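For clarity, every value in this text was computed on a predicted model and none was experimentally measured.
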Amino acid sequence: MYGRIVGLDRDAPVDFRTTAPDVSLYDSPVYWALAAYKLWRRSLIEEHGLRFVEHRLLGEDVPFAVPALLHAKKISVVADYDCYYLEGRGDGTNASRQDVDWVDQLEYAAGTLRTVAELVPAGRERDKLMERHFHGEILGMFAAPYLARDEAGRKDMAAAAKVLLDEWTTEPIMAALPPRLRLHCLRHGLVDELTDIIRADTDATLGPAHQDGERVYAAYPYFRDPERAIPDSAYDLTSRVRLAQRVDSYTWEGPVLRITGSARLSELDPAGRGVGVLLRRQGYTYRVPAETADDGIYTLRLDIGHAADGEPLPEGIWTMRIVVTSGELSKEAWLPRPSDGLYDVSPEPRIIDRGEAGPCAAGLFHSAAHQRLNLDIGDTRRLLATSARGTVTRTRLGRVEATVRVTVPGWPTEQGEARLLLISGQKTLTAPTAAEADTNGRISTRATADGVTPGVWELQLRLTAGTFSRDVPVIEASGEPLRLTVPVPLIRKVRSKAARVVRGH
């Protein structure tokens, strides 16, 4: 059983986030954490005679963990709470930080590769396990430990690694291992070139990657050097280019949605990159460019009245994806929830002016499953003005007088209309209404109505602006629906009683 590992002064080998009673060794990251801090069944250990290798400084637990995992009938993960804290010794005496005989260590790693080959048939599953060992126990040595050796020591290390590469690597393994340039040098005996390449990494002297059309190449030494003839594929980083982004804030500025954030392509210099947002809905795609700075910071101003290639954006739910381009290379991703807790709630929906298309409702919402940002044009998801507050009275002469207030951000004072409705069963009366609105969208209405017939009437405020139309329920200060009760006139009651007497009742 694996428990969640927390790195205190270093990264945990695997960040377990989901508890699972039974995981696959080949479709989960468990095999990338081979250290012994797990719970093992004693029966498994005894049945297969599993033991640590004694008198070794590094990797003594790997010959125990590998067959244990390959023989295990079930592997479970507990990620609901922290189970193991990973911390280095303050004096730097951890075994993993010591200098050892790296040629001997490579020969020792060969035993692990043989164990995997004995227990797992050749194919995709074996390749996935082999990839982990080449990445962790073999290629990891070709960094500072390699540079610490003299020329003869480096040649011996390279020769020992070449034996393992020639015997065990397949094309899928080669394609999956990220330092392909090191692999090429090791397999072809380019020891001096390998030294310069590793030193460029260690000294942090690498500049931005080279870009050629849609392809991106690492800026290591000897790129396209005719004397070495190292293939471009050994430098190719295109598959590793990732779109790194965050959203800092979003807000409405009239009909313009303003989004700020950061977006850049990994491996590439952020200067000169193009950033924009793709709006997609039912086969339509529109791109809105953003203003960018050299550090990847961008500001997007999305004018709803002109976002559809200069035309008003049609009503509907529009998905929003960030897109970053560099020359012919382009990467896109969903716009996420803003990183700042201040913006955990999207700006209130509002009425926006789309020019000739007239006013309409617009709002933002995050998808429930993945918290992706979506744009709602037409008031279909996050509704505007779900209720209004009001009071109502009836004078002695039977006149109904009501005041109702509601806030609708962006309300157009000239194009917007507000009418008070009185509803009783199938009857609806529209009362003459006077309305005023301020610049914050606070609408105040006064309405009067004469001749309202007996019954119980509920009040609603009908708001209309362009394509936006809504009958908003009016509530009291207590939150209960506002109702008006009009009694039957007393004279009518007397006449009704007299009629019954005449009929003999």
Are more than 12 heavy atoms from other residues, nucleotides or ligands located less than 6.0 Å from atom [atom1] of [X]?
{"X": "Arg446", "atom1": "CZ", "value": "no"}
{"X": "Arg405", "atom1": "CZ", "value": "no"}
{"X": "Arg470", "atom1": "CZ", "value": "yes"}
{"X": "Glu171", "atom1": "CD", "value": "no"}
{"X": "Arg399", "atom1": "CZ", "value": "no"}
{"X": "Glu436", "atom1": "CD", "value": "no"}
{"X": "Tyr26", "atom1": "OH", "value": "yes"}

Gap separating the [atom1] atom of [X] from the [atom2] atom of [Y], nearest 0.5 angstrom:
{"X": "Leu373", "Y": "Phe365", "atom1": "CG", "atom2": "CZ", "value": "9.0 Å"}
{"X": "Arg350", "Y": "Ile304", "atom1": "CZ", "atom2": "CD1", "value": "11.0 Å"}
{"X": "Arg483", "Y": "Ile423", "atom1": "CZ", "atom2": "CD1", "value": "12.0 Å"}
{"X": "Ser367", "Y": "Ile317", "atom1": "OG", "atom2": "CD1", "value": "11.5 Å"}
{"X": "Glu348", "Y": "Thr251", "atom1": "CD", "atom2": "OG1", "value": "10.5 Å"}
{"X": "Leu183", "Y": "Leu139", "atom1": "CG", "atom2": "CG", "value": "5.0 Å"}

Indicate, with yes or no, if the rings of His306 and Tyr286 have centres closer together than 6.0 Å.
->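 Judged by ring-centre distance (under 6.0 Å), His306 and Tyr286 do not meet the cut-off.
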Apply side-chain contact (heavy atoms from CB on, under 4.5 Å) to Val324 and Ser330, showing your working.
-> CA-CA 6 Å; Val324 181; Ser330 178; over 6 Å; no
Does any non-hydrogen side-chain atom of [Y] lie less than 4.5 Å from one of [X]?
{"X": "Arg462", "Y": "Thr428", "result": "no"}
{"X": "Arg273", "Y": "Tyr298", "result": "no"}
{"X": "Glu315", "Y": "Arg354", "result": "yes"}
{"X": "Arg372", "Y": "Thr319", "result": "no"}
{"X": "Val14", "Y": "Val30", "result": "no"}
{"X": "Leu459", "Y": "Leu420", "result": "yes"}
{"X": "Leu463", "Y": "Ile443", "result": "yes"}
{"X": "Val404", "Y": "Arg389", "result": "no"}

Identify the two heavy atoms, one from [X] and one from [Y], that lie closest to each other, and give their separation to 0.1 Å.
{"X": "Arg301", "Y": "Arg258", "value": "NH2-NE, 3.9 Å"}
{"X": "Arg394", "Y": "Val486", "value": "NE-CG1, 3.8 Å"}
{"X": "Ala209", "Y": "Val216", "value": "CB-CG1, 3.6 Å"}
{"X": "Ala308", "Y": "Pro314", "value": "CB-CD, 4.2 Å"}
{"X": "Val66", "Y": "His133", "value": "CG2-CE1, 3.8 Å"}
{"X": "Leu300", "Y": "Pro289", "value": "CD1-O, 3.5 Å"}

Using only atom types and a distance under 3.5 Å, with no angle test, would you say the side chain of [X] pairs donor to acceptor with the backbone of [Y]?
{"X": "Thr445", "Y": "Thr433", "value": "no"}
{"X": "Lys427", "Y": "Trp457", "value": "no"}
{"X": "Thr407", "Y": "Gly441", "value": "no"}
{"X": "Arg180", "Y": "Asp236", "value": "yes"}
{"X": "Asp201", "Y": "Ala143", "value": "no"}
{"X": "Asn440", "Y": "Arg442", "value": "no"}

What's the verdict on side-chain contact (heavy atoms from CB on, under 4.5 Å) for Leu422 and Val392, showing C-alpha distance, side-chain angles and the deciding distance?
-> CA-CA 11 Å; Leu422 289 88; Val392 63; 6.0 Å; no
Look at Arg124 together with Asp27 and state whether they make a salt bridge at an N to O cut-off of under 4.0 Å.
-> yes
Is Glu332 salt-bridged to Arg280, going by a charged N under 4.0 Å from an acidic O?
-> yes
Output, in order, the C-alpha distance, side-chain angles, deciding distance and verdict of side-chain contact (heavy atoms from CB on, under 4.5 Å) for Val116 and Arg126.
-> CA-CA 7 Å; Val116 173; Arg126 181 199 283 182; 4.1 Å; yes
Report the C-alpha separation of Leu70 and Leu129 in whole Å, then their side-chain angles, then the decisive distance to 0.1 Å, and conclude whether the side-chain contact (heavy atoms from CB on, under 4.5 Å) test is met.
-> CA-CA 10 Å; Leu70 294 176; Leu129 304 187; 3.7 Å; yes
Leu364: which of Leu257, Ile259, Asn374, Asp376 passes side chain to side chain contact (heavy atoms under 4.5 Å, CB included) =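 That would be Leu257; it is the only one of Leu257, Ile259, Asn374, Asp376 passing the side chain to side chain contact (heavy atoms under 4.5 Å, CB included) with Leu364.
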Indicate whether the side chain of Asp80 and that of Thr19 have a donor and an acceptor atom separated by less than 3.5 Å.
->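 Yes, Thr19 and Asp80 have a side-chain donor paired with an acceptor closer than 3.5 Å.
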Do the ring planes of Tyr235 and Phe223 sit parallel (below 30°), tilted (30 to 60°) or perpendicular (above 60°)?
-> perpendicular
